[in-house]
Engineer: 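One structure follows; several queries about it will come next.
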Amino acid sequence: MKLARYHSDKALISLVPLIDVMLILLVFFMVTSTYLNLDMIPFVERSEEAPADAGAGAASEPAGTLLLRISADGQAILAGQPLTDEALGAEIAARIADNPLLSVVVLPSTRATTQDLVSVLDALTLAGATRIRLMQLAAQP
Amino acid sequence: MKLKRPPRRSAPETIVALIDVVFFLLVFFMLIGRLDATSPFELRPARAVTGTDMPAGGVTLAIAADGALALDGAEADAAAVLDRIAARLESAPDTLVRVNADRAAHLSEVLPLVAGIEALGARDVMLVVTPERE
C-alpha cells in the first residue's frame, strides 16, 4: 500500500523577528556580563552571638589567642619573628593541633597591601584556623 | 505603474540551525556571566585559594590601588559612600556589602572604610577575591 505523504506546513509566523530579538539579547549579555571568576572572604559575618562568644572565650582562655602582625612590606610577624607564608602555616597548624580553639588576631600595618592581608588569611585558613580576627589601630597614621 | 510584488518565500530550513546556535550561545553567556556593576577604574582583586562562593545582590564598593572609590559603578568619595550605604542599610538592614579592593590597595584605604561600614550596622561585609592565577 502506498501512503500519501503529508504536505509539510510552511511556517506561518516569520522567524526573522525572533532571530533579531535573540541576537540583541545575545549581544546584551555578552557585553554587559563580567566573566572574572570571583570568590569572597567574609570581613563581618552575620552572627549576633559571635562577639559575646569570643569575649567569653578570650576571658576564660587567656593563652588561646595569638597576635600576628603584618609588616609594611607584607611579611607576617609572629612574636617578633618574620615568617614566610609556608612557615606561618606550619607554625599555626602546630599550635592548632595543641589548642583547636586557638584564635588568631591579625594586626596588619596600614602600609601593607590587600594582597598581603589576603595571603596571610589564606595561610591561616589553610592551616586550619577558624577563629581569625582582624584588628586595626584607629589612630595609626 | 503597478509594481509586481515579489512572491513571499518562507524561511529556508537552515535558519532553524541558526536559531539553535544562537539560543545555545545566549544560554551559555547568561550562565557563565555575572551582571554586576563594573567599576569605572581598572581593578584586580586579591588572589586567594580559600575564598568561598560569593552570594549575589547587595552593594559593591570598589577601591582602586590609588584609593579611588566607587559604589555600584559610580565614583564617590568616602563620605558619600558611607552616606549611601547608610541609606541602603536603613531601608534594608540585611544588605550585603562587597568590598572589591585592588590587590595593591594599601590597607589604610580599605580597613577604615570597612570599620566605618561595620559601624553603620552592616552585618554582612565581604572582601572580593579571585581564585585565578595569572
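Worth knowing before you read on, the calculation uses all heavy atoms, side chains too, and leaves out hydrogens, waters and symmetry mates. As the structure is a prediction and not an experimental result, all values here were calculated from the model. Every chain is numbered from 1, with letters handed out A, B, ... down the list of sequences.
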Engineer: Does Val125(B) belong to the same Ile/Leu/Val/Met/Phe/Trp/Tyr cluster as Val106(A), with side-chain heavy atoms less than 4.5 Å apart forming each link?
Structural biologist: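 As far as the 4.5 Å side-chain criterion goes, Val106(A) and Val125(B) are connected within one cluster.
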Engineer: Could you look at Ile19(A) and say if it's the side chain, the backbone, both or neither that has a heavy atom under 4.5 Å from chain B?
Structural biologist: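 Contact with chain B: side chain only.
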Engineer: I need the Leu25(A) CG to Phe29(B) CZ distance, nearest 0.5 Å.
Structural biologist: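 Going from CG on Leu25(A) over to CZ on Phe29(B), the span is 13.5 Å.
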Engineer: Shortest non-hydrogen contact from Gly51(B) to Ile41(A)?
Structural biologist: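 Gly51(B) and Ile41(A) have their closest heavy atoms at CA-CG1, 4.4 Å.
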Engineer: Provide the closest heavy-atom pair for Arg111(A) versus Ser108(B) in the form atom of the first, atom of the second, distance.
Structural biologist: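 Shortest heavy-atom contact: NH1-OG, 4.4 Å.
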Engineer: First locate atom CZ of Arg103(B), then atom CG of Asp116(A), and finally report the distance between them rounded to the nearest 0.5 Å.
Structural biologist: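 Between atom CZ of Arg103(B) and atom CG of Asp116(A) there are 11.5 Å.
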Engineer: Taking CE in Met30(B) as the centre, count heavy atoms belonging to other residues, nucleotides or ligands within less than 6.0 Å. Is the count above 12?
Structural biologist: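 For Met30(B), atom CE is not crowded (no more than 12 foreign heavy atoms under 6.0 Å).
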Engineer: Give me the atom names and distance for the closest heavy-atom approach of Ala48(B) to Asp122(A).
Structural biologist: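 Heavy atoms only, the tightest pair is CA-OD2, 3.2 Å.
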Engineer: Give a yes or no on whether Phe23(B) and Val27(A) share a hydrophobic cluster (residues Ile, Leu, Val, Met, Phe, Trp, Tyr; joining criterion: side-chain heavy atoms under 4.5 Å apart).
Structural biologist: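 No, it is not one cluster - the side chains of Phe23(B) and Val27(A) are not joined through contacts under 4.5 Å.
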Engineer: So does Val129(B) get a backbone contact from the side chain of Asp39(A), meaning a donor-acceptor N/O pair under 3.5 Å?
Structural biologist: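 A pair under 3.5 Å: no.
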Engineer: If I measure from the heavy atoms of chain B, does Leu134(A) come under 4.5 Å with its side chain, its backbone, both, or neither?
Structural biologist: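 The answer is the side chain of Leu134(A).
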Engineer: In terms of heavy-atom proximity below 4.5 Å to chain A, should Ala65(B) be classed as side chain, backbone, both, or neither?
Structural biologist: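 No part of Ala65(B) comes within 4.5 Å of chain A.
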Engineer: Tell me whether Val104(A) is reachable from Leu126(A) by hopping between hydrophobic residues (I, L, V, M, F, W, Y) whose side-chain heavy atoms are closer than 4.5 Å.
Structural biologist: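 No, Leu126(A) does not connect to Val104(A) through the hydrophobic network.
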Engineer: At a heavy-atom distance under 4.5 Å, which candidate from Val97(B), Val99(B), Val49(B), Asp102(B) has the highest pair count against chain A?
Structural biologist: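 Counting heavy-atom pairs under 4.5 Å, the top option is Val49(B).
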Engineer: Under 4.5 Å between side-chain heavy atoms, hopping through other hydrophobics if needed: is there a path connecting Leu26(A) to Val31(A)?
Structural biologist: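 No, no single cluster joins them.
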Engineer: Among Thr32(A), Thr113(A), Leu121(A), single out the residue with the greatest number of heavy-atom pairs under 4.5 Å to chain B.
Structural biologist: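 Of the candidates given, the most pairs with chain B belong to Thr113(A).
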Engineer: Give, as side chain, backbone, both or neither, the part of Pro112(B) having an atom under 4.5 angstrom from any heavy atom of chain A.
Structural biologist: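 Both backbone and side chain.
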Engineer: Is there a path of hydrophobic side-chain contacts, each under 4.5 Å between heavy atoms of I/L/V/M/F/W/Y residues, joining Phe29(A) to Met22(A)?
Structural biologist: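 Yes, Met22(A) connects to Phe29(A) through the hydrophobic network.
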Engineer: What residue, out of Val114(B), Asn100(B), Ile117(B), has the most heavy-atom pairs lying under 4.5 Å from chain A?
Structural biologist: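 The option with the most such pairs is Val114(B).
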Engineer: Looking at chain A, which one of Val128(B), Leu25(B), Ile19(B), Leu18(B) has the largest number of heavy-atom pairs inside 4.5 Å, strictly under?
Structural biologist: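 Top option by heavy-atom pairs under 4.5 Å: Ile19(B).
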Engineer: Ignoring hydrogens, what is the shortest heavy-atom contact between Ser33(A) and Gly33(B)? Give both atom names and the distance.
Structural biologist: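 So the two residues come closest at CB-CA, 3.7 Å.
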Engineer: Suppose clustering is done on Ile, Leu, Val, Met, Phe, Trp and Tyr with side-chain heavy atoms closer than 4.5 Å. Which residues sit in the same group as Phe24(B)?
Structural biologist: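 Besides Phe24(B), the cluster holds no residue at all.
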Engineer: Just give me the residue among Val22(B), Thr52(B), Leu26(B) that pairs up with chain A most often, heavy atom to heavy atom, under 4.5 Å.
Structural biologist: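 Of the options given, most contacts go to Thr52(B).
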Engineer: Mind checking the CE-OG1 spacing from Met40(A) to Thr130(B)? Nearest 0.5 Å is all I need.
Structural biologist: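 So the CE of Met40(A) and the OG1 of Thr130(B) are separated by 14.5 Å.
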Engineer: Please identify each residue that fulfils side-chain hydrogen bond (donor to acceptor under 3.5 Å, both in side chains) with Thr114(A), with sequence neighbours left out.
Structural biologist: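 Thr114(A) satisfies side-chain hydrogen bond (donor to acceptor under 3.5 Å, both in side chains) with no residue once adjacent residues are dropped.
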